[in-house]
Amino acid sequence: MPRSLHLCRPSTCPFVSNLVSRSDATLPWSNRQLRPNPSSLHWVARSIDASPLCGPSQARTPQSYSSLLGRCAETRCLLDVRRVQTHLIKTALCPTLLGHKLVDAYLKCSSVSDARGVFDEMPERHVVTWNSMIASYIKRRRSEEAVELYERMMSEGVFPDEYTFSSVFKAFSDLGRVAGGQRAHGLAVVLGLEVSNVFVGSALVDMYAKFGRMRDAQLVADRVTDQDVVLLTALIVGYVQHGEEFKAQAVFSDMVRKGIKPNEFTLASTLIGCANSADLKSGKSIHACIVKAGFDYAIASQTSLLTMYSKCGIIDDSFKVFNYLANPNLVTWTSLIVGLVQNGREEIALLKFREMLQNSVNPNSFTLSSVLRACSSLAMLETGKQIHAVLTKYGLVRNGYAGVALIDLYGKCGMAEMARSVFDRLIDIDVVSMNSMIYGYAVNGMGQEALELYNRMKDLELEQNQVTFVAVLLACSNAGLVEEGWQIFSYLRDSRETELRRDHYACMVDLLGRSGRLEEAEMLVTQMNNPDLVMWRTLLSACRVHGDVKTAERAMKKVLELAPGDEGTHVLLSNLYAATCNWSQLIEMKSTMRDMKLKKNPAVSWVEVDREVHTFMAGDLSHLGSKEILNTLEELIEKVRNLGYIPDTRYVLQDLDEEKKETSLYYHSEKLALAFALSRTKNKTNSVRILKNLRVCGDCHSWMKYVSVAVGREIVARDAKRYHHIKDGLCSCRDYW
DNA sequence: ATAGGGTTAG
């Protein structure tokens, strides 16, 4: 009988109702509710008597009720169980056995509350009933109630058995109750169940692994007499999740040697170990095991295989694994997307995400936070906002991971306020979310806001880590807060708590250098042991900003000692020579660069219009809309010249005459991108956002300030270093970058 | 009658 009959209401459809009652004897239990007046007690009584399972003569024996409940449990029909219970209450037959049957039937019908109701009414309960009740609480992650029952059963004089233990440890690990778990473990030892039952043993191994007590997990595993694949897999998972890939690998080889056959899950977990340690060689040997064992289509191990290849940087092989699978599930899709994002293939990640949706696979917070990371690296704000909407739809905006990804996106897209509103709605604020928010303020030059959060972290006694200090120092640096930065830096240097890292020094050198205190900056670099490339380069760029040729040359010497033939350095110094009109040095530098066959990393700017990314290179007029770009550019140039803009040809490194220098300035990638964006969004008043892979050029920076006045719109420009919010002729960086 | 391990993220 099709279940859809449930949709028919008996009272409105007498014909169907008749039909059903006539053929009643052949119906499964679950359709009896179609009868008129289904809740009547009389009806229950009659139907039980009339049931084909138990004729009138057997109707009142415990066996008949027992098998009736068995049928109800099989058909998973809650209403039937309730009816039998109603009938049963009037009898006083075998309460322990039938009570258990009722509890069991309710649990099979997924009604824990009904089961618990019966459970509580029972005068005495068998250990099996306790076990069923505890196990279903655990299955539903109601660990608190599971532990409560476990403790109550003992106080009522019922001893836990191997079934109890094999499920109850999970509740302790879920609640993080180490002491309680250990006490239960002690009892299991006393009852002789730790060593003799592999179910108990593996539950224990799993619990200790989840507590991070791998030594205890290993000790239990070693004591269990008949180790099996599940127990050893639990051990491997523990080692992998605590970064001991080597030991995981050892357990794996050991089990193979002992002749215990790894299954799909064992292979999956071992592979994650290979992925985490980027151990391609072991990963490939596990791949061979998978093929040999015939797990080619097993989803878990294939997903791990995909992850392993992508973490080893071989994303093409991840694709091969993925394409081989007929039915990738959500996790598989997500793994592929994550791998693509981690390997810098963000565009393909977004394509795959769309394909996933088209295949009716719904994303979760894992998927969406990865997709958001793709959006923020490409600074695709519009797409990111759509993902924000999807997160809202699934109720995931307050989720920590997704929230942090959103904060990063908005921070990196120059929308610190949006980032903050996401931040303020997070359910849990932790170090990572704090760091992202501080970093978001930092790249947007909002130093005070960053410091405020930093202080709030201290008030909340949130542990601060290396990332926190880098972010807050960067914030000081980008906002020119020298004193505040110096204070934090010296606090770090004097306290023994945190080890100062290269990045902290680099931020401080940057901060000192850019505020013109080049002497102190240089001193800080020389005070470090083994200052590396980054340090000298940081000093060098500070020299460029302040036109300090002498210090620059010392820094450059050091850089070239550490990295002979470093192109960035040559470019930086030639920028400096150009800016300070040291033409002879510039020419010399250029010929050295030519001799060394050094080429400038080409400048690229891009812009998102109508959810599409358009890329521009300096002087590249091959873009589809190049005619409209040139027209807009010309219009803009005329307007800004009237406002007082004068091209700053110091930023042209080629040896051209002045007029040609000016023209070459006009075709800088950021100008092309801005002109394009403006021409495509002519009748809009919101801000335009452009992005550049290198630092924004000085002339373009000043040009954009004029343009913001000319078109009356805010221009948000992200360069390699930070954000520039340009509005009404002023920039948030206060011409300091 | 009741039981144990797995794959995706900042």
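Quick note on labels: first sequence line is chain A, next is B, and so on, each numbered from 1.
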side-chain contact (heavy atoms from CB on, under 4.5 Å) with A/Tyr163: which residues, sequence neighbours excluded? A/Asn131, A/Asp161
Looking at DNA chain B, which of residues 290-304 of chain A put a heavy atom within less than 4.0 Å of it? A/Ala300, A/Thr303, A/Ser304
Whole-Å gap separating C1' (B/dG4) and CG (A/Asp226): 15 Å
Would you say the side-chain atoms of A/Arg215 and A/Tyr208 include a donor-acceptor pair closer than 3.5 Å? no
Closest to side chain of A/Asn399, choosing from B/dT7, B/dA9, B/dA3: B/dA9
Which atom pairs, one a donor and one an acceptor, fall under 3.5 Å between side chains of residues 231-241 of chain A and the rest of the protein, sequence neighbours left out?
from	atom 1	to	atom 2	distance (Å)
A/Thr233	OG1	A/Val229	O	2.6
A/Thr233	OG1	A/Thr266	OG1	3.0
A/Tyr239	OH	A/Gln218	OE1	2.7

Side chain of A/Ser269: nearest nucleotide among B/dT8, B/dG6, B/dA3? B/dG6
Spacing between A/Tyr106 atom OH and B/dA1 atom C1', to the nearest angstrom: 18 Å
Starting the side chain at C-beta, find the nucleotide from B/dA9, B/dG4, B/dT2 nearest to A/Lys108. B/dT2
Separation of atom CZ in A/Phe169 from atom P in B/dT2, rounded to whole Å: 21 Å
Is any side-chain N or O of A/Ser370 under 3.5 Å from a base N or O of B/dA9, one able to act as donor and the other as acceptor? no
Keeping the roles fixed (side chain from A/Asp104, backbone from A/Leu107), state whether a donor-acceptor pair exists under 3.5 Å. no
Within the 4.0 Å heavy-atom criterion, would you say A/Asp228 contacts the bases, only the backbone, or no part of the nucleic acid? base
Near DNA chain B, counting only heavy atoms under 4.0 Å, which residues of residues 118-149 of chain A show up? A/His126, A/Val128, A/Asn131, A/Ser132
Of the nucleotides B/dT2, B/dG4, B/dA9, which has the atom closest to the A/Tyr163 side chain? B/dT2
Note: contacts of residues 191-217 of chain A with DNA chain B (heavy atom, under 4.0 Å) are A/Asn197, A/Val198, A/Phe199, A/Ser202, A/Asp206, A/Lys210
Under the rule for side chain to side chain donor-acceptor pair (under 3.5 Å), what residues qualify as partners of A/Asp206, not counting sequence neighbours? A/Lys210
Taking atom types as modelled, find out whether A/Arg116 and A/Tyr137 have a side-chain donor-acceptor pair closer than 3.5 angstrom. yes
Whole-Å distance between B/dG6 P and A/Ile236 CD1? 12 Å
Nearest to side-chain heavy atoms of A/Ser166, which nucleotide of B/dT8, B/dA9, B/dG4: B/dG4
With sequence neighbours excluded, what pairs up with A/Lys320 under the salt bridge (charged side-chain N to carboxylate O under 4.0 Å, His left out) test? A/Asp317
For residues 338-348 of chain A, which residue pairs pass the salt bridge (charged side-chain N to carboxylate O under 4.0 Å, His left out) check, not counting sequence neighbours? A/Asp316-A/Arg345
Taking B/dA3, B/dG6, B/dA9 as options, the one with an atom nearest any side-chain atom of A/Glu264 is B/dG6
Under 4.0 Å, heavy atoms only, any strand: does A/Thr266 hit a base, just the sugar-phosphate, or nothing? base
Provide the full list of ring-ring contact (aromatic ring centres under 6.0 Å, His included) pairs with a residue in residues 384-416 of chain A, sequence neighbours left out, each pair given once. A/His388-A/Tyr410
A/Tyr401 aromatic ring stacked with six-membered ring of B/dA9, 5.5 Å and 30°: yes
By the 4.0 Å heavy-atom rule, please label A/Ile272 as base, sugar-phosphate, or nothing. sugar-phosphate
With sequence neighbours excluded, tell me which residues meet side-chain contact (heavy atoms from CB on, under 4.5 Å) with A/Glu144. A/Glu148, A/Leu175, A/Arg177
For residues 333-353 of chain A, pull every pair meeting ring-ring contact (aromatic ring centres under 6.0 Å, His included), keeping only residues two or more places apart or in separate chains. A/Phe322-A/Trp333
side-chain contact (heavy atoms from CB on, under 4.5 Å) against A/Arg257, all qualifying residues, sequence neighbours excluded: A/Ser253, A/Asp254
Please state how far atom CG in A/Asp104 lies from atom C1' in B/dT2, giving the value in whole angstrom units. 8 Å
May I ask you to say what A/Val237 touches in the nucleic acid, namely base, sugar-phosphate or nothing, with a heavy-atom cut-off under 4.0 Å? sugar-phosphate
Has A/Asp226 got a side-chain atom pairing as donor or acceptor with A/Val198's backbone, closer than 3.5 angstrom? no
Under 4.0 Å, heavy atoms only, any strand: does A/Asn435 hit a base, just the sugar-phosphate, or nothing? nothing
